[in-house]
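As the structure is a prediction and not an experimental result, all values here were calculated from the model.
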Amino acid sequence: MAALVGRSTKQALLRAKPALSNQQATFVTLKSKTSKRVAWFLGSLAVGGGTVVAGALAQPTFASDLVLHPPKFPWSHNGPLQTLDHASIRRGYEVYKQVCAACHSMQYVCYRNLVNVIMTEDEAKAEAEEAMVEDGPNDVGEMFERPGKLSDHFPSPYKNEEQARAANNGAYPPDLSYIVQARHGGEDYIFSLLTGYSDPPAGVKLMDGQHFNAYFPGGAIGMAQALYNEIIEYSDGTPATQSQLAKDVCVFLKWAGEPEHDSRKLYGMRALIILSFLLGVAYYMKRLKWTTVKTRKLAFKPPSYK
């Protein structure tokens, strides 16, 4: 029985020989204009949809309805080729020293960081010596105070967190070293917060020691308004309006949290210039290596039966 089935199958294959010899390969391509248009449409739809979804997911969500998003301000250092205004950094340091340093610390900034940025080395040394820094212990095991040095950090107005809370009705003044990077909105938020104090609207009740600021989450902030017109005098004679004070201290805090801001943009531009030259070399090598692969023709040759 098995032999009979084998002979029948062999005869059927021999009869089908002409049909097998006429086989041809069929390849599906997108060479037609309609197919290309459909492919471009689908690709554009995918990219556009992904962009919309990514933008929607990037928007922060706040639990409180009293949060007012700060507006976007035209900072002079926001462009890809723009650098920080060092004159504004110097004025902002004056604002911090005379106003903000009474409550806020900057424990991650040293006096040596000011050298060749807003001061000379001698000016920075004189600035550091004005601050008395606790050091020790000495030979008898006691702590003592000495004039500051370039390697010292900015002194803190309080010895510990408990003392800071006791002096500010339970509120803890945050460290300002990285405050711009730590807050959503960056310098836009800091500027809006410093200039956004107002009387509380109807229906909003504040506790003792609280102040209303629409840009602060919840509206009730423990820090009183610190900046007023002509509260200090700039050493360069710039009019010390409230907006000017807030702008300068924001630029100073931006530099404090990102001192490599200018050099990073400089090195980035140099890298782009070098990579632009290498782009042509890479394109040539790609064409050299892949032109034979991408232009070859594939053909199916059916086996011949004799």
Quick one: are the ring centres of F212 and Y197 less than 6.0 Å apart?
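No: the rings miss the under 6.0 Å criterion.
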[atom1]/[X] to [atom2]/[Y] distance, rounded to the nearest 0.5 angstrom?
{"X": "Q242", "Y": "Q225", "atom1": "CD", "atom2": "CD", "answer": "5.0 Å"}
{"X": "R91", "Y": "Q244", "atom1": "CZ", "atom2": "CD", "answer": "5.0 Å"}
{"X": "Y172", "Y": "H104", "atom1": "OH", "atom2": "NE2", "answer": "10.5 Å"}
{"X": "N213", "Y": "S192", "atom1": "CG", "atom2": "OG", "answer": "9.0 Å"}
{"X": "L193", "Y": "L68", "atom1": "CG", "atom2": "CG", "answer": "11.5 Å"}

Would you please say whether a donor-acceptor pair under 3.5 Å links the side chains of [X] and [Y]?
{"X": "T238", "Y": "D236", "answer": "yes"}
{"X": "N168", "Y": "Y158", "answer": "yes"}
{"X": "S76", "Y": "D85", "answer": "no"}
{"X": "D248", "Y": "S88", "answer": "yes"}

Does a side-chain heavy-atom distance below 4.5 Å link [X] with [Y]?
{"X": "S105", "Y": "P157", "value": "yes"}
{"X": "Y93", "Y": "M119", "value": "yes"}
{"X": "Y234", "Y": "E94", "value": "yes"}
{"X": "E145", "Y": "D135", "value": "no"}
{"X": "V204", "Y": "L206", "value": "yes"}
{"X": "I221", "Y": "Q210", "value": "no"}
{"X": "H261", "Y": "Q82", "value": "no"}
{"X": "L150", "Y": "C110", "value": "no"}

Ring geometry between W75 and H77 (parallel below 30°, tilted from 30 to 60°, perpendicular above 60°)
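Geometry flag for W75 against H77: tilted rings.
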So Y96 and F154, would you call those rings parallel, tilted or perpendicular, with 30° and 60° as cut-offs?
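Correct class here is parallel.
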Please say whether more than 12 non-hydrogen atoms of neighbouring residues, nucleotides or ligands are located less than 6.0 Å from [atom1] in [X].
{"X": "Y267", "atom1": "OH", "value": "no"}
{"X": "Y108", "atom1": "OH", "value": "no"}
{"X": "M143", "atom1": "CE", "value": "yes"}
{"X": "E233", "atom1": "CD", "value": "no"}
{"X": "N116", "atom1": "CG", "value": "no"}

Look at the side chain of [X] and the backbone N and O of [Y], then say whether any donor-acceptor pair between them is shorter than 3.5 Å.
{"X": "D262", "Y": "L84", "result": "yes"}
{"X": "N138", "Y": "V140", "result": "yes"}
{"X": "K265", "Y": "T83", "result": "no"}

Run the salt bridge (charged side-chain N to carboxylate O under 4.0 Å, His left out) check on K97 and E130 step by step: do they pass?
CA-CA 12 Å; K97 178 183 176 182; E130 293 181 2; 3.1 Å; yes
Of all the heavy-atom pairs spanning P155 and Y111, show the shortest one and how long it is.
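Residues P155 and Y111, closest heavy atoms: CD-OH, 3.3 Å.
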Tell me the closest heavy-atom pair linking V109 and A256, and the distance in Å.
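Scanning both residues completely, I find the closest heavy atoms to be CG2-CB, 4.1 Å.
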Please name the residue in the list R112, R146, K125 that meets the salt bridge (charged side-chain N to carboxylate O under 4.0 Å, His left out) test with D152.
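So the option named by the test is R146.
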